[in-house]
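Working notes for the structure below.
Remember, it's 1-based here, ligands and their atoms both numbered in the order they're listed. Keep in mind that what you see is a predicted model, and the values were worked out from it rather than measured.
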Amino acid sequence: MSIKTCDLAITGGTVIDGTGKPRFEADLAVSGDRIVALGDITAFRAQRTLDASGRIVAPGFIDAHTHDDNLLLRRPDMAPKTSQGVTSVVVGNCGVSLAPIAMDRAPPPPMDLLGGREDYHFASVADYAARLKATPPATNVAMLVGHSTLRVGAMDDLARPARPNEMDCMAERLDEGMKAGAIGLSTGLFYPTNSAAPTEEVIALAKIAAAHGGIYTTHMRDEHDGVETSLDETFRIGREAKIPIVISHHKVAGVKNFGRSKATLAKIEAARATQTIGLDVYPYIAGSTVLLDTLIPGAARVIITWSKARPEMAGRELSTIAKDWGVEPLEAAKRLQPAGAIYFMMDEADVRRIIAYPHSMIGSDGLPHDERPHPRLWGTFPRVLGHYARDVGLLTLEDAVHRMTGLTARTFGFKDRGELRVGAAADIVVFDAATIAARADFDHPLEPAAGIDHVIVNGEAVWQEGRATGARPGLVLRRAGG
Ligand code: ZN
Ligand code: CU
């Protein structure tokens, strides 16, 4: 037998390969950025060996839904994500992307979730991608072009549909973005920057993304009472633009909509027969975004995550602040603006039903620039694996891993990722199935996960022994086979 060399051997572990199939004992060999052997690796002599005895070896997790556009630049170690085993992130969600726009004024909410005017200086997606290549982050990244970003860049008044010349401008920038490697278009039709766009405006832009083999992701117009109408609109956009769709952070919000996920999932399942539909979900009954009057009445609790006007209020409940100030909650909210908040507005049974739905991907929707962020930023993936899979038994560990790896890679067209097999990219996480847990919670939102031993991106360790290694092997991922 001829002995070959490899850079890294991971031995003694139990492999969950990302396809959803049952775990198996296997060793794994990595050379450069690729997996070169899986199973019997006795033909290889490794430069370095990781002992994974008693541990699970899985594909690195793909965060299907993020707002990490600026985190990749500001904090390239990406610790909120790598600490959970995440090796790739999809940015530009909910209609908000850092590129393409060079901002000459303060970004209107919700664009301020990514940063201030000084952060929005990438006039093209090519500029942003070039910056990611010049100063790479620890994780891989796939870029969506946000509809709000396009609208803010092209229109002087966002409270109306785009005019033909504005459509031309948006179309041109989106086309440039797709050519520069963006994987598709995102909308946030719920938000004030996006909500005046009629369905036809979205379809016209989605057709451009489709022409480049792209995908369409959407924070729908209504996740409350009108959630089913919004699903119909989303399906129509997919059909008319002939584009695969992803429903972002699927939820049914507001007390009177509790239980409606039965209807929404049935509707999605039925539509899947005739078009390509994906969805993502985060494992919490609370949502988070900018502080919006429209979301306050439907929420059982509102916690302030940041406030420009009153920074010291971050972490406090809106109702307590209002009481202290002797005003109504809506008046208190006005005085805190611009601001962000966490809203307890979902039912646990709906959240579980959506997570258990076999086509749901896991996405954090984390907001990395918030003073006191929703714990989903640091806790999403270990919470699904530790709490919902192991402790609650809502899904098998194999299935849970599949929804954060293989399914996600297939949905977004990340060839050679999301599965452990010979020839695949060496994005790997080694974790302890017995101890993996989210330690971030609403009182301590910045705690790294427990039970994550090693996180490897393109063959390089980015997180081990509870800290970032400093390596930055992240690549810009393109969508294949669109
Ligand atoms: Zn959203
Ligand atoms: Cu989002």
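Each protein N, O or S atom less than 2.8 Å from the Cu ion (ligand 2) was counted, giving 4.
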Query raised in the report: Would Lys81 and Asp77 satisfy salt bridge (Lys or Arg N to Asp or Glu O under 4.0 Å), going step by step from the backbone distance to the final call?
Result: CA-CA 9 Å; Lys81 297 300 167 70; Asp77 72 11; over 6 Å; no

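Side-chain contact between Phe344 and Ile303 is present, with heavy atoms from C-beta onward closer than 4.5 Å. No side-chain heavy atom of Glu223 sits under 4.5 Å from any side-chain heavy atom of Val252.
For residue His65, no N/O/S atom approaches the Zn ion (ligand 1) to within less than 2.8 Å.
Within the structure, side-chain hydrogen bond (donor to acceptor under 3.5 Å, both in side chains) pairs that include any residue of residues 285-295 comprise Tyr191-Thr289 (at least two apart or interchain).
No donor-acceptor pair closer than 3.5 Å links the side chain of Asp370 to the backbone N or O of Arg372.
In summary, Arg236 and Asp232 do not engage in a salt bridge, as defined by a charged side-chain N under 4.0 Å from a carboxylate O.
At the Zn ion (ligand 1), the vertex angle linking ND1 of His219 with SG of Cys94 is 120° (nearest 10 degrees).
Checking His250 against Thr264 by side-chain atom types alone, a donor-acceptor pair falls below 3.5 Å.
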